[in-house]
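Shown next, in structure tokens, is the structure this report addresses.
Because only heavy atoms are used, hydrogens play no part in the values below, and waters and symmetry mates are left out as well, while side chains stay in. Start at 1 and go down the list; that is how both ligands and their atoms are numbered.
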Amino acid sequence: MKKYKITLIPGDGIGPEITEVTKRCIEATGVEIEWEECEAGIPAIEKFGDPLPEKTIDSIKKNKVCLKGPITTPVGTGYRSINVALRQIFNLYACVRPFKVYKGARTFYEDIDLVVVRENMEDLYAGIEFEIGKNETKQIINKISELTGKKINHDSGISIKPISVSGSEKILRFAFEYARKNKRKKVTAVHKANIMKFTDGLFLDVAKKVALEYPDIEFEDRIVDNMAMQLVQKPQKYDVLACPNLYGDILSDLCAGLVGGLGLSPGANYGDEVAIFEPTHGSAPKYTGKNVVNPSAQILAAVLMLSYIGEENAAKKLENALAQVIAEGTYTTYDFRPEGTSGASTTEMGDAIIKKLGE
Ligand code: NAD
């Protein structure tokens, strides 16, 4: 049997707990993986004085596939997001987040099965920012008034929102190809083109052009605020949502809320060469080391990874075992239960999944 070499970044906070359980679940599918374990985030600072050491980057470069736990980003001070840095270094331009209702999850909805395809490189996340009071900020404010005749308050900070034809084409083609490959019927482009004509308007124009190349896939567009309401009222109508970076980020959390929370929402970041799989949630610091959080998002990220490396059967088996444990409800964590109730531990839920895989 083929043995895969894959980079594993446990991350920090609850990351090590949920990646450990996930590793055991993957092992129980019979797929053999030689994990190259690397640090990023707080453990990397402690060991190397660097939140994203060269060794970690080299390992991903070499193995091309990485399973990653969540990594803390300090707010306001300290280093910039390691998650954003990884996306930039490996040009992971497409973030794919499937949202599905599993029977037994704590949700008001049934039959949701949609995928958010989020552009990962451009938009307000490009990291081009000008801090209040800095000389270059004053210069840019003056230049903008000179060029546009519009006034920006001098006590402003500025974040730049670039959206290109090439970047939009790449993500929209990815969304349509994904839809075709995964037998999905419809792509909905999300935008605010009525207000931001030269960025979101451009994204929408590109979407309409790319859609013509895929006559087998239905295409429509929605303004982002309307999209948010429609997702709450009739999420079953949607299939693949193609979004610029910021809207994709926000709508992903909305969709996570629809299907029962962040603990059930995995994500994959794809570039042309490298793919990184991770849960959508963060490092949940208040639960660190308590062995109580839901490992499902991390396990579902592993399901996406197994499918990506061609282990489709193992991916299906693992997803089914997880779905059964959730449906039975005996070994589920606190977030599946009424507010204020405790649940099974992270490891108990993992053990129940492993038991199902062996049946
Ligand atoms: P978070 O997702 O870590 O946690 C918010 C809340 O969601 C938790 O307090 C908990 O109630 C719940 N939750 C999250 N994961 C859960 C799980 N597996 N099981 C059960 N409940 C769960 O969001 P936050 O508190 O805003 O962020 C904490 C840190 O994580 C920040 O530093 C943030 O920057 C970082 N972060 C990292 C990633 C990533 O690594 N990709 C993503 C988001 C946030």
Would you call [X] and [Y] a salt bridge, taking side-chain N to carboxylate O under 4.0 Å as the test?
| X | Y | answer |
| --- | --- | --- |
| K23 | E37 | yes |
| D205 | K197 | no |
| R106 | D335 | no |

In terms of residue, atom name and distance, what is the protein heavy atom nearest to [atom]?
| atom | answer |
| --- | --- |
| atom 44 (C) of ligand 1 | G282 CA, 3.3 Å |
| atom 39 (C) of ligand 1 | N83 ND2, 3.1 Å |
| atom 32 (O) of ligand 1 | T73 N, 2.8 Å |
| atom 12 (C) of ligand 1 | Y334 OH, 4.3 Å |
| atom 25 (O) of ligand 1 | P285 CD, 4.4 Å |
| atom 14 (C) of ligand 1 | H281 CB, 3.7 Å |
| atom 5 (C) of ligand 1 | L262 CD1, 4.7 Å |
| atom 30 (O) of ligand 1 | S283 N, 3.0 Å |

Problem set entry | Heavy-atom side-chain proximity of R173 to Y214 below 4.5 angstrom | yes
For this session: Decide whether T7 and E36 meet the rule of one side-chain donor and one side-chain acceptor closer than 3.5 Å.
Result: no
Examine [X] against ligand 1 and note whether any of their N/O atoms are separated by less than 3.5 Å.
| X | result |
| --- | --- |
| G263 | no |
| T72 | no |
| I71 | yes |
| N294 | yes |

Problem set entry | I82 to ligand 1, any heavy atom closer than 4.0 Å |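 Judged by the 4.0 Å heavy-atom criterion, I82 does not count as contacting ligand 1.
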[atom]: protein heavy atom closer than 4.0 Å?
| atom | answer |
| --- | --- |
| atom 2 (O) of ligand 1 | yes |
| atom 21 (N) of ligand 1 | yes |
| atom 34 (O) of ligand 1 | yes |

Per-atom contacts, ligand 1 versus [X] - under 4.0 Å to a heavy atom:
| X | answer |
| --- | --- |
| K286 | 9 (O) |
| Y287 | 9 (O), 10 (C), 11 (O) |
| D335 | 20 (C) |
| P70 | 40 (O) |
| K68 | 40 (O), 41 (N) |
| E278 | 41 (N) |

For this session: For E136, look at atom CD and say whether over 12 heavy atoms of other residues, nucleotides or ligands are found less than 6.0 Å away.
Result: yes
Problem set entry | Heavy atoms of other groups near Y125 OH, more than 12 under 6.0 Å |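 It does: Y125 OH has more than 12 such atoms within range.
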Exercise. So how far is it from R24 CZ to L357 CG, rounded to the nearest 0.5 Å?
Worked result: 11.5 Å
For this session: Output, in order, the C-alpha distance, side-chain angles, deciding distance and verdict of salt bridge (charged side-chain N to carboxylate O under 4.0 Å, His left out) for K356 and E328.
Result: CA-CA 11 Å; K356 286 271 174 241; E328 285 171 12; 2.8 Å; yes
Seminar exercise, completed: Only one of F90, F277, Y178, Y93 passes ring-ring contact (aromatic ring centres under 6.0 Å, His included) with Y270, and that residue is F277
Exercise. Out of V224, I163, I223, which residue meets the side chain to side chain contact (heavy atoms under 4.5 Å, CB included) rule with D200?
Worked result: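 With D200 as partner, side chain to side chain contact (heavy atoms under 4.5 Å, CB included) holds for just one option, I163.
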Exercise. Restricting to pairs with a member in residues 42-58, which pass side chain to side chain donor-acceptor pair (under 3.5 Å), not counting sequence neighbours?
Worked result: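 Residue pairs with at least one partner in residues 42-58: E39-K47.
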For this session: Mind checking ring-ring contact (aromatic ring centres under 6.0 Å, His included) for Y334 and listing every partner two or more places apart, or none if nothing turns up?
Result: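 Only Y287 meet the ring-ring contact (aromatic ring centres under 6.0 Å, His included) criterion with Y334.
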Exercise. For ligand 1, is any non-hydrogen atom under 4.0 Å from I18's backbone (N, CA, C, O), its side chain (CB onward), both, or neither?
Worked result: neither
For this session: Report yes if the distance between the aromatic ring centroids of F198 and F203 is under 6.0 Å, otherwise no.
Result: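 Ring centroids of F198 and F203 are no less than 6.0 Å from each other.
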